[in-house]
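See structure below.
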Amino acid sequence: MNVMRLSRRGFRLARAGAVALAFLAGLAAVPMPASALVSLDVTSGNINPIPIAIPNFLGGNSELGANIAAVITNDLKRSGLFVPVDPSAFPPAQNSTGVAPSFASWQPTNAQALVIGGVGVQPDGKLRAEVRLWDVFAGQQMMGQQFSATPDNWRRVAHIIADAIYKRMTGESGYFDSRIVFVEESGPKDRRVKKLAIMDQDGANLHYLTKGNDLVLTPRFSPSSQTVAYMSYGTDQPQVYLLNLATNKRSLVGKFPGMTFAPRFSPDGRSVTMSFQQEGSANIFSMDLASKQITRLTNDAAINTSPCYSPDGTQIVFESDRGGTQQLYVMGADGSNPRRITFGDGTYSTPVWSPRGDLIAFTRQAGGKFAIGVIKPDGSGMRILTEGFHNEGPTWAPNGRVIMFFRDVQGANGGPQLWTIDLTGYNEQRLPTPAFASDPAWSPLLN
Amino acid sequence: MSALVNVARGARVVAFIAAALLVAACARTPGGADRTGGASLSLSGAKPGSSQDFVVNVGDRVFFETDSTNLTATAVETLNKQVTWLNQYGRYAFTIEGHADERGTREYNIALGARRAETVRNYFIAHGIAANRMRTISYGKERPVAVCDDISCWSQNRRAVVVLDNAGV
């Protein structure tokens, strides 16, 4: 078997210390006749999801094999682009991953794609997984890869495999090996306790980053996912803080006389843009994290806030009521040439630039409703994806395909919950959390 | 840092056609005076010059119309009573808390609450209260006092509250 080590990188996860996860790729294809392979056109709005069969991974540890298959199944199902085939329809399991499946016995399940994988813990203590993706009707291998990691990272291995399947089938990179930082809310509405929390994008591995003593809001990842910028109320003016996820150490981003809020990292991670409150006005600044040098980007007697860089770092989208109501504006990253991009009904806020660069997601308030929508950076192509009593605060999946936001449930006992929606406006789903949750921010891909 | 200080004061008036929400007509929620601890005292029970006296007989808060920082006639009336009281009892330092209702997005509401607190601060300074007695803080929409989902609650949450720092002195 021709196994090639493509890359090996250490990942420092919060409270997990240094974790090695090696990506070994290039399982040789089992020779097959060439024919058209199944693929998915993800550019149209109404997608027929691909039926895919994901049997439990082979190997000595049946629990681990079942768990990995379950994580992959859940990832692909939630994407809305795949429909997992009911395992009760599966033919008997094969003995080895190294042989071609019996396509004739899989065809009656109507699965177009088949995932055959194996997993085990090696004598050196490493978890090793291998996976092949098969086109059931063409009878061909579409992908073959191997991965190794410490056994406690088995969920990440499963997410990376799901990403590899997603990429092979859609042509787009995946988003499953990523995390969400958010604000967990508990207690009655007028005395909410808010904690920073972090979890995998599927809701697993949740843990808390703060204890709930201070009011915390609006966490956002650095590009490396190692640091979270957020706003916290302490004893004096609320300020922007940085939290190092590897050390769990908190630091003030800078000492300022007034309130600072609405932080976002630059794409190179070297600076943070945020709002400074000065008397009745909020203006946008950027701050170089190494030199602590600050640069003013807006200067008027208005509320200018929620700045967010374009992925190439050359522009910033923000909201301002300088024209009378909250609207979205785009300016150069140095503050030059601000121009308004929203002119429709209602007010627009919380702009977030897509990782692909082609769209900006926002919250719109109009007619007593709160909607999540997208618009092109030049102000054209505005589309509303979902609208209701209260939807707020979009954040993009790393591939720019899915938007997460929070939706407040009406009523004195209601509270915010996390939801996702596809860029097409379809596949709206709740992401369950143990308590109320708001202000989600999606990390880049971890690998 | 000098760039931070030289900012034009935000005395801008946002033109909104507010539908004359006479928020003053709304009953003040006694539970809203959550930091005073004296809400259960009767009118006659509040000792003059005490924080209870301020909350009960003067009124510790003013209300705003939707997405507005303009002072309504009722708000001005309350502020004038607060000015008289705060000038009479000069031993108090205090915090002006600015709040917004939940019908807005988080970061904007933080700035809106700050602007409301600043409006009250400017009014106090213009009426002879020393700036070094007061500080401001914005809680945005994070600290509602009324939790229903209609206008009767939202109008109570759009507020600026004077909290006496050394209450009980």
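Sequence lines set the chain letters: A, B, ... in the order given, protein chains first and strands last, and positions in each chain run from 1. Hydrogens, waters and symmetry mates play no part in the numbers below; they use all other heavy atoms, side chains included.
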Query raised in the report: Considering only heavy atoms, which portion of T119(B) lies under 4.5 Å from any heavy atom of chain A: side chain, backbone, both, or neither?
Result: neither

**Report entry** Salt bridge flag under 4.0 Å for residues E118(B) and R115(B)
**Finding:** no

Query raised in the report: For the candidates A114(B), G104(B), A117(B), which exhibits the highest count of non-hydrogen atom pairs separated by less than 4.5 Å from chain A?
Result: G104(B)

Requested in this report: Under 4.5 Å, counting heavy-atom pairs only, tell me which of Q410(A), R192(A), Q326(A) racks up the most with chain B.
Outcome: Q326(A)

Query raised in the report: Any salt bridge between D101(B) and K141(B), counting N to O under 4.0 Å?
Result: no

Query raised in the report: So which part of F406(A) gets closer than 4.5 Å to some heavy atom of chain B, the side chain, the backbone, both or neither?
Result: side chain

Query raised in the report: Checking A262(A) against chain B: side chain, backbone, both or neither under 4.5 Å from a heavy atom?
Result: both

Query raised in the report: For T363(A), is it the side chain, the backbone, both, or neither that has a heavy atom closer than 4.5 Å to a heavy atom of chain B?
Result: side chain

Query - Engaged part of F389(A) at the chain B interface, taking heavy atoms whose separation is under 4.5 Å - result: both

Query raised in the report: Under 30°, 30 to 60°, or over 60°: which ring-plane class applies to H127(B) and Y123(B), parallel, tilted or perpendicular?
Result: parallel

Query - Which portion of R143(B) sits near chain A, non-hydrogen atoms under 4.5 angstrom - result: side chain

Query - Interface moiety of R116(B) toward chain A, non-hydrogen atoms closer than 4.5 Å - result: neither

Query raised in the report: Taking everything shown except R340(A) itself, do over 12 heavy atoms lie less than 6.0 Å from its CZ?
Result: yes

Requested in this report: Just grab all the disulfide bond (SG atoms under 2.5 Å apart) pairs involving residues 58-156 of chain B, residues at least two apart or on different chains.
Outcome: C148(B)-C153(B)

Query raised in the report: Distance only, no hydrogens: is a donor on one side chain within 3.5 Å (strictly under) of an acceptor on the other, for E319(A) and T305(A)?
Result: no

**Report entry** Q365(A) versus chain B, the contacting section by heavy-atom distance below 4.5 Å
**Finding:** side chain

Query raised in the report: Looking at residues at least two apart in the chain, or sitting in another chain, which of them share a side chain to side chain donor-acceptor pair (under 3.5 Å) with S222(A)?
Result: S224(A)

